Amino acid sequence: MRTRRQAKKLLFAILAWAIAMAAFVFFRYAQSPELPQWAVGSADLATLAIYMGIIFGSLHWMSNLITDFSAINRLPYIFSVIFKGLFLLLGATTLAYMTQFLNMWAIENHMSTLRQMLTAHILYSPSFQALIVYLVVVRVSLAFVEQMALLVGPRILLNIGLGKYHKPRYEQRLFLYLDMVASTTHAESLGDYRFSRLIQDSFSLLSETVTNNEAEIYRYMGDAVLIHWPLEEGIVHDRCMNIYFEFSQQLSWQRRYFEEHYGFVPKFKAAAHCGQVVAAVVGVQKQEISFFSDVLNTLARLQDQCNPLGQRMLISGALAGRLDNPNSEYRLSHLGPVKLKGKQHSIEVFGVSPL
């Protein structure tokens with residue numbers, strides 16, 4: 001799954017840079033009555049845009065990969081952007097140098113000639129300087145888009161940009177609610193600062209399993225988090241249950257770290273429910289896509305039943321009836337109809353446990 005995700009990021013970077021370089025080539029040569037000396041026809045300009053898109057897109061992806069898996073990721077965001085920009089410019093300059101070096105290999109004294117060409121005809125040329133400025137603008141713009149996608153989620157960012165939810169619309173959604181067990185006790189024993197670090201460390205382990213199960217984080221609520229899918233996507237391969245048990249496994253694997261820093265390993269309880277909701281963009285200065293439905297209220301009441309029923313994870317009968325995975329790794333235990341707080345009617349409830 002990690003390889004697949006990185007492949008998607010690489011394709012996005014190449015596509016974005018190919019479009020950006022196509023725009024640069026078009027505006028650079030559109031007003032010129034003659035093509036540059038190296039171009040035989042307009043097809044050569046298109047080839048140049050694709051070539052540059054592949055090169056800069058690959059450099060873009062490599063800089064993100066290095067940042068994500070190194071200590072740079074823990075630095076303030078501005079340092080991450082500066083590193084990515086410098087990596088791109090250094091890679092582009094190195095590539096240009098190597099290309100000219102190979103082209104001039106057969107020329108006598110090619111090294112001195114190459115240095116003269118780079119300084120006189122490339123580095124100080126208006127075209128090259130304009131390209132550098134353009135590269136910086138594109139790189140910063142893409143970094144901003146990527147950061148916004150991390151803050152609100154890529155699908156939500158795309159839907160807001162397309163105006164999909166400017167008018168309320170009905171959708172079928174599946175929600176998963178994760179909540180820390182004994183959070184009040186932990187907060188009192190650790191203090192506000194250490195407890196907030198505990199939440200950060202815990203939810204940082206959640207991000208990978210959320211991505212692997214193609215979910216979106218709807219909202220963080222203190223020591224709880226609300227995750228969602230379009231209904232048909234959430235029930236595929238038991239994704240709505242995978243997230244909870246994979247997350248619990250990740251916490252267990254980091255047992256030594258949590259015990260050294262906090263004296264215990266945090267535990268979470270979970271509940272999942274599905275149904276029809278109304279989705280709409282709310283807010284003016286700060287916008288977000290919100291969901292309105294009794295489904296969310298029922299989900300919160302269902303999660304409150306984990307302790308009384310002695311279950312780590314509960315799902316509603318509405319969701320259990322839609323799960324149809326013959327190779328499921330989970331056992332559903334029917335707990336009968338349960339009267340939820342504030343509800344007039346009971347709902348069917350199932351406990352979930354791994355086989």
Side-chain angles (χ1 to χ4, degrees), residues 1-12 149-150 152-159 162 164-165 169-179 203 205-220 224-251 268-279 289-291 293-296 298-300 302-303 306 311-335 347-355:
M1 294 297 292
R2 179 176 294 180
T3 302
R4 180 182 175 186
R5 185 167 68 252
Q6 291 299 332
K8 289 182 178 180
K9 291 182 178 181
L10 175 59
L11 289 176
F12 168 78
L150 288 176
V152 303
R155 292 183 183 177
I156 293 177
L157 180 63
L158 178 62
N159 289 330
L162 296 177
K164 182 178 180 180
Y165 295 108
R169 54 184 295 162
Y170 288 101
E171 291 186 344
Q172 294 290 328
R173 289 273 166 174
L174 192 163
F175 292 90
L176 174 66
Y177 186 19
L178 299 177
D179 187 31
F203 287 156
L205 299 176
L206 178 63
S207 60
E208 183 173 350
T209 185
V210 167
T211 303
N212 290 343
N213 288 281
E214 300 187 13
E216 292 275 351
I217 292 178
Y218 173 41
R219 188 170 292 164
Y220 291 103
V225 59
L226 196 56
I227 301 167
H228 69 102
W229 299 260
L231 178 55
E232 296 303 322
E233 296 182 15
I235 62 177
V236 172
H237 305 308
D238 294 336
R239 288 170 176 165
C240 57
M241 296 181 286
N242 289 342
I243 283 187
Y244 172 69
F245 290 101
E246 289 175 6
F247 177 45
S248 298
Q249 186 64 59
Q250 291 279 354
L251 293 171
F268 286 77
K269 52 189 176 181
H273 185 39
C274 63
Q276 181 175 269
V277 300
V278 175
I289 296 177
S290 293
F291 299 102
S293 174
D294 187 59
V295 170
L296 295 175
T298 301
L299 177 65
L302 179 62
Q303 188 269 339
C306 286
Q311 298 290 322
R312 299 170 60 192
M313 181 178 185
L314 297 174
I315 65 173
S316 65
L319 175 57
R322 291 179 175 272
L323 296 175
D324 185 20
N325 184 3
N327 300 318
S328 177
E329 299 178 355
Y330 306 101
R331 179 187 298 109
L332 300 184
S333 304
H334 185 215
L335 304 177
I347 69 168
E348 297 294 327
V349 176
F350 291 79
V352 182
S353 59
L355 294 176

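From a predicted model like this one, the values you see are computed outputs, not experimental measurements.
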Do any N or O atoms from the side chain of Arg239 and from the backbone of Ala215 form a donor-acceptor pair under 3.5 angstrom? no
Side-chain (Tyr244) to main-chain (Ala272) donor-acceptor, under 3.5 angstrom: no
Counting C-beta onward and ignoring hydrogens, is there a side-chain heavy-atom pair between [X] and [Y] closer than 4.5 Å?
X	Y	answer
Ser316	Leu302	yes
Phe175	His228	yes
Ile235	Asp324	no
Asn242	Thr209	no
Trp229	Ile243	yes
Met241	Glu329	no
Leu226	Leu176	no

Just how far is it from atom [atom1] of [X] to atom [atom2] of [Y], taken to the nearest 0.5 Å?
X	Y	atom1	atom2	value
Leu205	Ser248	CG	OG	11.0 Å
Arg312	Phe268	CZ	CZ	12.5 Å
Met313	Lys269	CE	NZ	14.0 Å
His237	Glu214	NE2	CD	8.5 Å
Gln303	Leu314	CD	CG	8.5 Å

Please name the pair of heavy atoms, one in [X] and one in [Y], separated by the smallest distance, quoted to 0.1 Å.
X	Y	value
Ser290	Tyr218	CA-OH, 3.5 Å
Tyr330	Pro354	CD2-CA, 4.0 Å
Ala271	Leu299	O-CD1, 3.3 Å
Leu178	Ala270	CD2-CB, 3.3 Å
Phe350	Gly317	CE1-CA, 3.8 Å
Arg173	Val277	CG-CG2, 3.6 Å

Tested for side chain to side chain contact (heavy atoms under 4.5 Å, CB included) against Ile315, the lone hit among Leu174, Leu332, Val349 is Leu332
Above 12 or not: heavy atoms from other molecules or residues under 6.0 Å from CD of Gln249? yes
Between Phe245 and Val352, is a side-chain contact (heavy atoms from CB on, under 4.5 Å) present by the stated rule, with each step listed? CA-CA 10 Å; Phe245 290 101; Val352 182; 3.7 Å; yes
Taking the six-membered ring for Trp, are Tyr220 and Phe203 parallel (under 30°), tilted (30 to 60°) or perpendicular (over 60°)? tilted
Without hydrogens or angle criteria, can the side chains of Glu246 and Asn212 be said to hold a donor-acceptor pair below 3.5 Å? no
Step-by-step side-chain contact (heavy atoms from CB on, under 4.5 Å) determination, Leu231 to Arg322: CA-CA 9 Å; Leu231 178 55; Arg322 291 179 175 272; 3.5 Å; yes
Check step by step if side-chain contact (heavy atoms from CB on, under 4.5 Å) holds for Gln311 and Leu335. CA-CA 10 Å; Gln311 298 290 322; Leu335 304 177; 3.9 Å; yes
